[in-house]
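In what follows, a single structure is set out as structure tokens and then discussed.
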Amino acid sequence: MKKITLLFSGILVLQLANAQVQKGSIFTGGSFGVSSASTKTNYNNDQMSGLNWTIAPQIGKAIQ
């Protein structure tokens, strides 16, 4: 029963979101992320570290 309720709720949310976008409108968005890690090796107690970053811009145009 919970799965059916969740399914119908998801469909309703998608329909409401779809109604908010007009044909030809342009949207922008994206994400930015940074992560770091550090560890000590067992071999000779060396310290290893790393830093990762991500930039993911997005742009789109509504066609329907």
Side-chain angles (χ1 to χ4, degrees):
M1 185 67 183
K2 288 182 183 181
K3 289 182 182 180
I4 293 172
T5 304
L6 183 62
L7 176 67
F8 285 121
S9 298
I11 291 171
L12 178 64
V13 168
L14 288 174
Q15 288 298 320
L16 291 174
N18 188 24
Q20 301 301 316
V21 179
Q22 295 179 2
K23 182 177 180 180
S25 61
I26 295 175
F27 65 89
T28 60
S31 63
F32 174 76
V34 177
S35 65
S36 65
S38 179
T39 186
K40 229 180 214 187
T41 62
N42 290 331
Y43 180 64
N44 53 358
N45 283 338
D46 285 340
Q47 184 77 21
M48 297 177 69
S49 62
L51 176 68
N52 297 318
W53 56 275
T54 304
I55 299 174
Q58 296 176 343
I59 188 167
K61 184 175 182 179
I63 58 173
Q64 288 186 349

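Below, all heavy atoms of this structure are taken into account, side chains as well, without hydrogens, waters or symmetry copies. The first residue of the sequence shown is numbered 1, and numbering continues consecutively from there.
Among residues two or more places apart in sequence or in another chain, the side chain to side chain contact (heavy atoms under 4.5 Å, CB included) test is passed with Ile63 by none. Applying the side chain to side chain contact (heavy atoms under 4.5 Å, CB included) criterion to Phe32, with sequence neighbours excluded, gives Val34, Ile55.
Its side chain within the 4.5 Å cluster rule, Ile11 clusters with Leu7 among the Ile, Leu, Val, Met, Phe, Trp and Tyr residues. Applying the 4.5 Å side-chain rule to ILVMFWY residues, one finds Ile26 in the same cluster as Ile59. Other residues sharing a hydrophobic cluster with Leu6 under the 4.5 Å side-chain heavy-atom criterion for ILVMFWY residues do not exist; the residue is a singleton.
Every pair passing side chain to side chain donor-acceptor pair (under 3.5 Å) that includes a residue from residues 47-57 is listed here, sequence neighbours excluded: Ser38-Gln47.
Across all non-hydrogen atoms, the minimal contact from Leu51 to Ser36 is CD1-CB, 4.0 Å.
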